[in-house]
Amino acid sequence: NAGVTQTPKFRVLKTGQSMTLLCAQDMNHEYMYWYRQDPGMGLRLIHYSVGEGTTAKGEVPDGYNVSRLKKQNFLLGLESAAPSQTSVYFCASAEIDRGLKETQYFGPGTRLLVL
Amino acid sequence: AQKVTQAQTEISVVEKEDVTLDCVYETRDTTYYLFWYKQPPSGELVFLIRRNSFDEQNEISGRYSWNFQKSTSSFNFTITASQVVDSAVYFCALSGDNTDKLIFGTGTRLQVFP
């Protein structure tokens, strides 16, 4: 049981390049999230998904796209990377049990540097 | 609107001191959930505790304790007899019952010196 895993762990991009971050969870959770963490700002929600085939915008969605084709995977895409997207990206997953909100469990993070 | 405020940006203590990390929240939801996460220097986010708004009992887990007070909208975290391994950034977070989102505070960096 690996929990939540993220690929890659670290990446350097040039401005304008594209890339996809992969998040995978083996806990059969319905909910998945992508956050970014910047110094002094805590974690901010980019996009999330409440189930396979669904996605929704979070607090800072601009410049990112997501897909949830399989329940266990949640992909975060940057179509044209910008230096402002230099950050640490965290994925999380959670279960919702009979309306009672469950805890979000986080992956180890992906460090992205955009030059 | 929902908001979490961690006014203490950084706290430094000497080992064995007790330390309290403050968390103040705002929400209009009548049912909500509060969380504390720890982020050690290695970078991962470790879940510490979850508290439901309808359960105001304080909780103790070893050297860790949490004081939930709805009257002051606070959910403070105390570490008793701190240790060097407690050095980390600690985040308080809030999730309302009418939202799927988790709102984080900006975190408190705790440094425990030997």
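Quick note: numbers below take in every heavy atom, side chains included, and nothing from hydrogens, waters or symmetry partners. To find a chain, count down the sequence lines: A is the first, B the second, and so on, and within it residues start at 1.
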What part of E59(A) gets within 4.5 angstrom of chain B, counting heavy atoms only: side chain, backbone, both, or neither?
neither
Is there a path from F77(B) to I11(B) through hydrophobic residues (I, L, V, M, F, W, Y) whose side chains come within less than 4.5 Å of each other?
yes
ILVMFWY network linking L48(B) to L94(B), side-chain heavy atoms under 4.5 angstrom
yes
Determine whether more than 12 heavy atoms belonging to other residues, nucleotides or ligands lie under 6.0 Å from atom CZ of R63(B).
yes
Taking every heavy atom of Q104(A) against every heavy atom of L102(B), the minimum-distance pair comes out as NE2-CB, 3.4 Å
Same cluster or not: F47(B) versus W34(A), using hydrophobic residues (I, L, V, M, F, W, Y) connected whenever any side-chain heavy atoms lie under 4.5 Å apart?
no
So which part of L43(A) gets closer than 4.5 Å to some heavy atom of chain B, the side chain, the backbone, both or neither?
both
Atom pair CG/NZ of L45(A) and K101(B) - distance to nearest 0.5 Å
6.5 Å
Measure the spacing between CZ of R44(A) and CD1 of I103(B) and express it to the nearest 0.5 Å.
11.5 Å
Are L112(A) and V66(A) connected into the same hydrophobic cluster when the rule is that any two of I, L, V, M, F, W, Y join if their side-chain heavy atoms are below 4.5 Å apart?
yes
Transitive ILVMFWY side-chain link V88(A) to Y48(A), under 4.5 Å:
yes
So, taking the atom named OG1 in T106(B) and the one named CG in D38(A), what distance separates them when rounded to the nearest 0.5 Å?
12.5 Å
For Q39(B), is it the side chain, the backbone, both or neither that has a heavy atom under 4.5 Å from a heavy atom of chain A?
side chain
Y37(B) versus chain A, heavy atoms under 4.5 Å apart: side chain, backbone, both or neither?
side chain
